[in-house]
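Okay, structure first, notes after.
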Amino acid sequence: MKSRTMVLALILIIGISLTAVFFYKDFLKNQPVREYHSNITLDDLYNADEEVAQALAQLEKSQEKATIVTGVPGSSRQIALTFDGLTDRNTVQQILVLLEKYNSKATFFVDGLHTVEDPQTLADIKNAGQKIENFTLLGMPKMENLPIERLAKDFCRAEKIVKENATQEPNLLKCNDTKYTDQVLQVAKACGFKNVVQSDAFFNVRQGNAATTDADAFVAALRPGSIVSVKLLANIELITNEPGKTDLKPAIDKQPGLIEMSQEGLREPEIALAVEKLLIALQKAQYSTVYVEDYSKMSSKTALWPDYSNQFALLTKTASFLQEQIMALFSCPIAYAAESIGQPATEIKTIFTTEQALSYTFGGLTKESVVNDVLERLNKLGIKATFFVSEAEMKKYPQIVRKIIANKHEVGIAIRPKAGESLEETRKSIMSSSRLLKEQFGVSTNLVKQVSGPVLDTTKEAVGSLEYKLIGQSINIVQSKQKDYTSVDAIMAELFHKSMLSLARGQILYFRMDFYTDDQIVGGLLESIKQNKIDNIAYATFYDNPINNRANNSQYMIKPVGEILNNTKYTYQYPVDLQKVPPHLRHDGPEIAINSHNFLSTASQHYIGQNDVNFEDRMIGFSKMDERRLDKTGFVHTKDNVIFLTFDDWGSDAAINKLLYVLRKHNVSGTFFIITNNVLYNTNLLRAIAVEGHEIGSHSDKHKPMAVMDPRTHKYVKTQEKEEYFKDLATSYQKLREVTGDVTSNGKPALTRFFRPPTLAISKMGMEALLDTGYDYIISGSTSTNDYKAKDITQLVDTIKEGVYTQYGEVKKGAILVMHMGDSVIYTPAALDILLTANEAKADSDPSKFKVGRLSDYLFEGYSQINRKKH
Ligand SMILES: [Zn+2]
């Protein structure tokens, strides 16, 4: 991520430069007519190719190193003061005034990029009688990790830029936070630097007051003769840690023009304040300042200032020059290979997204007839896919690659690392593929797939260091044992276990096109999979399906990987950042500790029971007296004509997506009580439920009921000990929180601390464990619809109606319907569709018209189930 921040920072710089150019141009236009001699370009001025070549040639001949200049210990009370890197001109001017005020000498190590951006700053420094030296092109840290060519390019360019803009030729080089290895010193020498500077102490001016009040302590700890550095150039890492600095929008949106930009956009008043504190502290401690050049005993030559009538031409060229520098930086292969960035890439097998979409990806171009067949069938089905092509394939089958591109499919890079291939070789192969794809086919991509063998660590590192995305697959469609199969159905049967009813959101399927003996198989498979495992996810009744109802948006689309990845409206971070979870959902454990004194009263306030669950049936650990204190109605106490839809268990996309569509269609929300055991295999679906405005509760992790009947004794017994139960409940909640903890709709979190007991059975021990774990309501319900065993839709609609209406046709206020979301539940979505459609047709004054509520709107803090007075 660091390099992203770096890019952002550089984009900010470009943005400011462009703004500056824009306003400066206008400014100049309003001046009396002037002549510009714009025949000098930045390229002429700063092209250092020759110097780089010379330096590299020099390196071949000689291994001579630059000398490191450090402090001179033991000298009298003096220090050499240096400023590292430039900041905005205004701040530098303030510092110059301060230096004069406190009669101090200083050396400014300026970076090439800032110098190009505002060369006048150097004139200010020079006019103030201070010294100018070289702080490399960008002031990049950890330069010891860079290869020789990259170092030479940086040093020579920086030298050229600073030389052109300073009256004194810089002879000292300083690298930011860099170890002066032999290589760095050799390149520095070859680029013409006899000396490099190493500071002994750094004074931090970027930590606000804390730093400035420490000035006295800082000076007290100095050794006489030290080189003291004040870093003006913001460190890249510092930007990462300051949220305000990464938020580029306000600065760019304001577009206040050159002057205001430098004052408001980037001005850092605390720097000047801190510098003054330091100068005062030095004065108090009776230190004098010398130039660091005095330590190196260097002589200065003089050079001419550039002609500032060319300022306009310079500025207009600045943006493109900066861009070129940045391109050079990032196209330089090894620039960031070492630990400066280079988090290994994570292989993306399933995309974390709630979008109703998944991907087909393809690889292997050797069989043109298969590719043609695939392209034809994709076209027929209106599918856009992702094709991974290798460099060798681009060279050997350019016409096939062109055809894929012409059909508007996405193209990514396929790599096949050889055994023992190094990180560097893998990087090179990715980059040369990328270049070829761009140059020959005009396609840019950041997608890489290793198409042979298990994904190697070097692949992950190479892809990560280039900030590409490493694409894997959820399902490998083509498997070696089926090479000679000729039947699509036979492969389908082996590929998809019977329980695997459908595919899922975010999945990536990979099809090799060069493997089957039969050329038609891949094409046949891609069609069959769509038909049997994707199209069946949509809600499709005879009166409402995606074909006859354009508003039916329940189907899943097949889209290119990059398109799904880039649709940030739907992508999310998993696990969610705990800091984004509302505080009341963050803690584990109860708000109030449960003990034997408060258990029964707490339990009875927080348990919404069920008529059939009582002392005789599915209840253990409670006395007959205790039982009377527990609710068995299963209704939420309310005067509203409201009912609650609840769904238990877990299921495939094919089952749950239909429910989601029906609820969306009627704009109502439900509560989903999830068995979490398998939920992490399909976080996308769980998150989608939450994102669509439904509430998430737990139905335990392993669905072990609190009480089951012992078939021998016909008595109810526990299924697990308290610790085990406690663990199951905590695990379940944590899984739900990891996936949905940060989701809100209408300002309310989707995640709740509601629990639905498996089979609705309860025990004293289980209830204690629930309350101890931090669950706040144990919710069964007024009607078990038994939807999983409904014989047909009419029967289910009738059962649901009984749960919703009294015998007089009035709404049973506060009714909670217990339904299911599993794959064996066939009629529930359609039955609800019928019920809700009929309800919507009723007049608002009709007493049989209900609204569908959210449980959390009624079970607010302090709601008690034993307070029978209607809320
Ligand atoms: Zn269940």
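Counting starts at 1 for both ligands and their atoms, following the listed order.
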Under 3.5 Å, is there a donor-acceptor pair linking the side chains of Tyr716 and Ser763?
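Side chains of Tyr716 and Ser763: no pair found under 3.5 Å.
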Would you call the rings of Phe511 and Tyr360 parallel, tilted or perpendicular if under 30° counts as parallel and over 60° as perpendicular?
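The arrangement is perpendicular - the two ring planes meet at more than 60°.
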More than 12 heavy atoms from other groups under 6.0 Å of CE on Met492
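It does: Met492 CE has more than 12 such atoms within range.
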Test ring-ring contact (aromatic ring centres under 6.0 Å, His included) applied to His606 and Phe755, Tyr863, Tyr777, the passing residue:
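Of the listed residues Phe755, Tyr863, Tyr777, the ring-ring contact (aromatic ring centres under 6.0 Å, His included) partner of His606 is Tyr777.
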So which protein N/O/S atoms does the Zn ion (ligand 1) have within less than 2.8 Å?
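Under 2.8 Å from the Zn ion (ligand 1) - ignoring waters, which are not counted - the protein N, O or S atoms are Asp649 OD1, His699 NE2, His703 NE2.
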Hey, mind stepping through Asn567 and Thr353 against side-chain contact (heavy atoms from CB on, under 4.5 Å) and telling me if it holds?
CA-CA 8 Å; Asn567 204 344; Thr353 182; 5.9 Å; no
Is Lys813 close to Phe635 at the side-chain level, that is, under 4.5 Å between some pair of heavy atoms?
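Not in contact.
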